[in-house]
Amino acid sequence: MAPSHVLRCCQRALGWIPVVFINLVVGWSYYAYVVELCIFTIPNDPERISYLVVFHLLFVMFIWSYWKTICTKPANPSKVFCLPKVEKEQYEKEERPEEQQEILKKVARELPLYTRTGTGAVRYCDQCQVIKPDRCHHCSTCDMCVLKMDHHCPWVNNCVGFSNYKFFVLFLFYSMLYCVFIAATVLQYFIRFWTRCRRRFAVHCPENQLPDTHAKFHVLFLFFVAAMFFISILSLFCYHLWLVGKNRTTIEAFRAPVFRNGQDKNGFSLSCSRNVAEVFGDQNKFWLFPIYSSLGDGQSFITRLVHIDPEQANAILQSNGKSIHHSEESREEEADTAQTVSVTMERES
């Protein structure tokens with residue numbers, strides 16, 4: 001038991017290495033841009049001040065969203081999804097899988113569950129001893145079941161799921177803006193320093209060349225690092241924007257969720273606007289700020305299945321759309337009196 005506990009502690013400690021690396025790179029980029037570029041290199045005050053204002057705005061939003069992603073604890077299933085005492089004892093005593101499934105199905109009838117395993121069984125986590133809500137998965141790294149789990153991200157040393165997915169997308173967004181702003185504003189000085197490096201043995205240098213100081217190394221590397229990170233983050237950000245528009249997680253993109261009538265990759269997709277509202281909230285003024293505004297509780301989701309009259313589906317969608325914009329108190333009251341509405345529509349291509 002002790003060696004296993006020590007191993008777990010070592011794994012958690014090593015998990016912070018990527019976070020430390022990112023913070024060291026960001027700390028160096030702050031010094032290189034503010035001190036070496038803006039203070040020591042840029043000659044005129046208007047340009048320097050304008051760069052510093054925009055830079056610090058992006059820097060604050062980037063750090064804010066990054067640490068919100070790191071520090072937000074992944075949401076776990078509530079006690080409602082735990083087996084009652086009697087059923088739990090029966091489940092643990094029963095050795096036949098078929099009988100265990102009957103016990104789980106009996107409990108699952110009272111829960112808002114629509115997804116199953118690939119074999120049609122109720123999804124149950126033996127480690128956490130809970131019936132998994134829809135879109136919930138067990139993270140082996142965090143050793144817990146995470147609601148609407150997207151993936152475990154080593155760069156934030158945390159699981160990205162229902163509680164912090166908005167923060168993660170904003171982290172990608174602001175880190176991308178941070179990098180592209182640095183690369184765009186550094187470019188002209190990068191060219192000048194690069195020209196200076198290539199012509200350092202020339203007798204006559206152009207007048208627009210900058211002094212040959214140690215700042216040139218920071219500016220040169222700053223451009224390369226910003227451009228490299230921008231290219232890598234851009235593809236990841238676009239991918240997650242696509243996932244938000246389709247209302248899918250990374251796990252669901254690779255393995256479509258299985259409903260009672262089979263797999264459906266668009267089972268949780270309603271419309272692009274409703275899908276975006278589910279992650280970012282129904283008030284646009286909060287979208288760009290890393291504050292919690294996602295809709296729902298992460299344990300039950302509106303679904304759309306297959307084989308239903310399209311007109312009937314549209315009517316249900318419209319009624320659900322109105323309930324999406326209710327206040328948090330209204331949603332909590334409705335959750336006590338009604339189950340999640342299941343919506344059926346044709347599959348998207």
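Just so you know, these numbers come straight off a predicted model, no measurement behind them. Basis for what follows: all heavy atoms, side chains included, without hydrogens, waters or symmetry-related copies. Position 1 is the first residue of the sequence; numbering continues from there.
Hydrophobic cluster membership is shared by Leu52 and Ile63, with clusters built from Ile, Leu, Val, Met, Phe, Trp and Tyr side chains linked at under 4.5 angstrom. No path of Ile, Leu, Val, Met, Phe, Trp and Tyr side chains, each step under 4.5 Å between heavy atoms, connects Val146 with Phe254, placing them in separate hydrophobic clusters. Met228 and Phe221 fall within a single hydrophobic cluster, where Ile, Leu, Val, Met, Phe, Trp and Tyr side chains are chained together by heavy-atom contacts under 4.5 Å. Hydrophobic clustering, with ILVMFWY side chains joined whenever heavy atoms are under 4.5 angstrom apart, groups Val276 together with Leu241. In this structure, Ile17 is not a member of the same hydrophobic cluster as Trp67, with clusters built from ILVMFWY side-chain heavy atoms closer than 4.5 Å.
Ring to ring, Tyr124 and His138 are not that close: their centroids are 6.0 angstrom or more apart.
Summarising the geometry, atom CG belonging to Asn158 is positioned 7.0 Å from atom OG belonging to Ser163; distances are rounded to the nearest 0.5 Å. Between the CD1 atom in Ile131 and the SG atom in Cys145 there is a gap of 11.5 Å [rounded to 0.5 Å]. With rounding to the nearest 0.5 angstrom, the CZ atom of Arg260 is 9.5 Å from the OG1 atom of Thr303. Here the NE2 atom belonging to His137 is positioned 16.0 Å from the CE atom belonging to Met144, to the nearest 0.5 angstrom. In this structure, CG in Leu220 is found 6.0 Å from CZ in Phe190, a value given to the nearest 0.5 Å. Rounded to the nearest 0.5 angstrom, Met176 CE and Ile231 CD1 are separated by 13.0 Å.
Using modelled atom types, one side-chain atom of Thr41 and one backbone atom of Glu36 make a donor-acceptor pair closer than 3.5 Å. A donor-acceptor pair under 3.5 Å is formed between the side chain of Asp134 and the backbone N or O of Thr115. Between the side chain of Arg48 and the main chain of Ile42, a donor-acceptor pair closer than 3.5 Å is present. Looking at Gln101, its side chain does come within 3.5 Å of a backbone N or O of Val122 through a donor-acceptor pair. Within the 3.5 Å criterion, the main-chain N or O of Ile291 finds a donor-acceptor partner in the side chain of Lys166. A donor-acceptor pair under 3.5 Å is absent between the side-chain atoms of Arg123 and the main chain of Thr117, judged by distance alone.
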Next item on the list: List the steps and the verdict of side chain to side chain contact (heavy atoms under 4.5 Å, CB included) for Tyr91 and Asp126.
Entry: CA-CA 11 Å; Tyr91 181 87; Asp126 291 311; 3.4 Å; yes
Item checked: Test side chain to side chain donor-acceptor pair (under 3.5 Å) applied to Thr185 and Tyr33, step by step -> CA-CA 10 Å; Thr185 54; Tyr33 192 91; 2.9 Å; yes
Next item on the list: Report the C-alpha distance between Asn164 and Thr69 in whole Å, list the side-chain angles of each, state the deciding distance to 0.1 Å, and finish with yes or no for side chain to side chain donor-acceptor pair (under 3.5 Å).
Entry: CA-CA 6 Å; Asn164 62 352; Thr69 308; 5.7 Å; no
Item checked: Worked verdict on Trp28 versus Leu222 for side chain to side chain contact (heavy atoms under 4.5 Å, CB included) -> CA-CA 9 Å; Trp28 166 78; Leu222 189 61; 4.0 Å; yes
Check: Under the side chain to side chain contact (heavy atoms under 4.5 Å, CB included) criterion, do Gln283 and Ser293 qualify, and how do the steps go?
Finding: CA-CA 8 Å; Gln283 299 187 49; Ser293 59; over 6 Å; no
Next item on the list: Given side chain to side chain contact (heavy atoms under 4.5 Å, CB included), test Tyr165 with Met149 step by step and report yes or no.
Entry: CA-CA 9 Å; Tyr165 187 64; Met149 179 178 173; over 6 Å; no
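For Val107 against Leu111, the heavy-atom pair with the smallest separation is O-CG, 3.8 Å. Summarising the geometry of Val258 relative to Gln263, their closest heavy-atom pair is CG2-CG, 3.6 Å, with the distance given to 0.1 Å. Nearest approach of Tyr66 to Trp155, heavy atoms of both residues: OH-O, 2.8 Å. Scanning all heavy atoms of the two residues, the minimum distance from Val156 to Val19 falls at C-CG2, 3.8 Å. Annotation for Ser269 and Asn247: closest pair CA-CB, 4.0 Å, computed over non-hydrogen atoms. Heavy atoms only, all atoms of each residue included: Phe230 and Cys179 are closest at CB-CB, 3.8 Å.
You'll find the side chain of Asn275 reaches within 4.5 Å of the side chain of Leu270, heavy atoms only. In this structure the side chain of Asn157 never reaches within 4.5 angstrom of the side chain of Ile70, judged on heavy atoms. No side-chain heavy atom of Pro74 sits less than 4.5 Å from a side-chain heavy atom of Leu147. Side-chain contact between Asn266 and Arg248 is present, with heavy atoms from C-beta onward closer than 4.5 Å. Contact of the Arg135 side chain with the Pro257 side chain is not registered, since no non-hydrogen atoms from C-beta on lie closer than 4.5 Å. In this structure the side chain of Phe81 reaches within 4.5 angstrom of the side chain of Leu113, judged on heavy atoms. Two residues are said to be in side-chain contact when any heavy atoms from C-beta on lie closer than 4.5 Å; Leu170 and Phe280 meet this criterion. Residues Val53 and Leu57 fail the side-chain proximity criterion, which asks for heavy atoms closer than 4.5 Å.
In summary, the side chains of Tyr31 and His218 do not present any donor paired with an acceptor at a separation below 3.5 Å, with no hydrogens or angles considered.
Seen from the ring of Tyr189, Arg192 counts as a face-on cation partner, given the 6.0 Å and 45° thresholds.
Using bins of under 30°, 30° to 60° and over 60° for the plane-to-plane angle, the ring pair Phe301/Phe162 lands in the perpendicular bin. By the 30° and 60° cut-offs, the orientation of the rings of Phe259 relative to Phe268 is tilted. In this structure, Phe167 and Tyr292 have perpendicular ring planes: the angle between them is above 60°, well past the 30° mark. In this structure, Tyr178 and Phe62 have parallel ring planes: the angle between them is below the 30° cut-off, well short of the 60° mark.
We find that Arg109 and Glu87 are not joined by a salt bridge, their nearest charged nitrogen and carboxylate oxygen being 4.0 Å or further apart.
The residue from Phe168, Phe289, Trp64, Phe237 that alone fulfils the ring-ring contact (aromatic ring centres under 6.0 Å, His included) condition with Phe173 is Phe237. For the side-chain contact (heavy atoms from CB on, under 4.5 Å) with Lys148, the lone residue among Gln299, Glu278, Glu252 that qualifies is Glu278.
Surrounding CD of Glu95 are at most 12 heavy atoms belonging to other residues, nucleotides or ligands under 6.0 Å away.
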